[in-house]
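Contents: one structure, followed by commentary.
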Amino acid sequence: QVQLVESGGGLVQAGGSLRLSCAASGSIISINDMGWYRQTPGKQREVVGRITSGGSTNYADSVKGRFTISRDNAKKAVYLQMNSLKPDDTAVYSCNADLMSNTDSKYRSYWGRGPQVTVSS
């Protein structure tokens, strides 16, 4: 069974930094794009940023210059370094991976449960 397990998150003051990690486990054949999303109560989930298997990245305008996504293909992991955090960054952050498992014949989208990130003013 494929799982995405996140770590990191928590409470930080505005201007501070946090690093989120997400590792995929299970019978995985290949991972394509990976990414991070966030959601606050009453709002739709929004993309924070994504990274291709080759390392190309794109980010939401609201986090450009402050957040950095990276990945370690050998560890099947994706990371989100968040700097200069603002109260508006408060949300549940979830990682996502488009991957193929050995029980499937095509790529499917998998989600982690998401750590809470709270930025105090």
Side-chain angles (χ1 to χ4, degrees):
Q1 183 179 359
V2 174
Q3 284 187 313
L4 297 184
V5 179
E6 296 118 329
S7 61
L11 174 64
V12 66
Q13 287 188 331
S17 298
L18 282 174
R19 186 173 189 253
L20 305 182
S21 300
C22 172
S25 64
S27 301
I28 297 169
I29 295 175
S30 175
I31 302 178
N32 246 353
D33 293 359
M34 304 181 81
W36 289 93
Y37 292 71
R38 65 186 183 185
Q39 188 170 21
T40 54
K43 291 187 178 181
Q44 284 191 331
R45 182 166 55 195
E46 63 175 2
V47 62
V48 174
R50 293 187 64 79
I51 183 168
T52 68
S53 58
S56 297
T57 57
N58 59 75
Y59 299 93
D61 287 343
S62 58
V63 306
K64 279 181 182 177
R66 300 188 298 122
F67 291 11
T68 302
I69 292 179
S70 59
R71 65 188 283 173
D72 185 328
N73 291 331
K75 295 182 178 180
K76 301 184 180 64
V78 62
Y79 309 97
L80 181 66
Q81 177 65 42
M82 303 183 290
N83 298 328
S84 302
L85 281 160
K86 305 175 181 179
D88 284 349
D89 295 319
T90 296
V92 173
Y93 284 70
S94 300
C95 71
N96 169 263
D98 295 330
L99 62 87
M100 182 184 295
S101 71
N102 67 357
T103 61
D104 211 331
S105 59
K106 59 183 178 180
Y107 286 89
R108 295 188 186 277
S109 187
Y110 288 81
W111 293 89
R113 290 191 176 185
Q116 173 72 42
V117 171
T118 302
V119 184
S120 63
S121 57

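Remember, it's a predicted structure, so these values are computed and weren't measured experimentally.
- Listed here is the closest heavy atom pair of L11 and S120: CD1-CB, 4.3 Å.
- Annotation for P87 and S121: closest pair CG-CB, 3.9 Å, computed over non-hydrogen atoms.
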Using the side-chain hydrogen bond (donor to acceptor under 3.5 Å, both in side chains) rule, take S109 and N96 through it: C-alpha gap first, then chi angles, then the decisive distance, then the call. CA-CA 7 Å; S109 187; N96 169 263; 2.6 Å; yes
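- Contact record, Q39 with R45: NE2-N, 3.7 Å, taken as the closest heavy-atom pair.
- At least one side-chain heavy atom of L85 sits less than 4.5 Å from a side-chain heavy atom of L18.
- By the 4.0 Å N-to-carboxylate-O rule, E46 lies close enough to R38 to be salt-bridged with it.
- In this structure the side chain of E6 reaches within 4.5 angstrom of the side chain of S94, judged on heavy atoms.
- The side-chain heavy atoms of Y110 and C95, taken from C-beta on, include no pair separated by under 4.5 Å.
- Side chains of M82 and Y93 form a contact here, defined as non-hydrogen atoms less than 4.5 Å apart.
- Contact annotation: the side chain of M100 never approaches that of S105 to less than 4.5 Å [non-hydrogen atoms, C-beta and beyond].
- Sorted by first then second residue, the ring-ring contact (aromatic ring centres under 6.0 Å, His included) pairs that include residues 30-52, not counting sequence neighbours, are Y37-W111.
- Of the charged side-chain nitrogens involved, at least one lies within less than 4.0 Å of a carboxylate oxygen, so that R50 and D98 count as a salt-bridged pair.
- Here the side chains of V48 and Y59 are not in contact, with every heavy-atom distance at 4.5 Å or above.
- The only member of D72, I51, I69 that meets side chain to side chain contact (heavy atoms under 4.5 Å, CB included) when paired with Y79 is D72.
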Check against side chain to side chain contact (heavy atoms under 4.5 Å, CB included), T118 and V12: CA-CA 6 Å; T118 302; V12 66; over 6 Å; no
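- Taking the side chain to side chain contact (heavy atoms under 4.5 Å, CB included) definition, one finds that I28 meets it with V2, A24, I31, K76, L99, sequence neighbours left out.
- Residues A91 and T40 approach most closely at CB-CG2, 3.6 Å, considering heavy atoms.
- Side-chain N or O atoms of D89 include one that pairs as donor or acceptor with a backbone N or O of K86 at under 3.5 Å.
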Output, in order, the C-alpha distance, side-chain angles, deciding distance and verdict of side chain to side chain contact (heavy atoms under 4.5 Å, CB included) for S84 and F67. CA-CA 8 Å; S84 302; F67 291 11; over 6 Å; no
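- Within the 3.5 Å criterion, the main-chain N or O of G16 finds no donor-acceptor partner in the side chain of N83.
- Side chain of R108 to main chain of D104: no donor-acceptor pair is present (N/O by atom type, distance under 3.5 Å, no hydrogens or angles).
- In this structure, OG in S7 is found 8.0 Å from CG in L20, a value given to the nearest 0.5 Å.
- Inter-residue side-chain proximity for S17 and Q81 is flagged as met; some heavy-atom pair is nearer than 4.5 Å.
- To the nearest 0.5 Å, atoms NZ (K75) and SG (C22) are separated by 14.0 Å.
- To the nearest 0.5 Å, atoms CG (N73) and OG (S30) are separated by 9.0 Å.
- At distances below 3.5 Å, at least one donor-acceptor pair connects side-chain atoms of T52 with backbone N or O atoms of G55.
- By the 4.0 Å N-to-carboxylate-O rule, D61 lies close enough to K64 to be salt-bridged with it.
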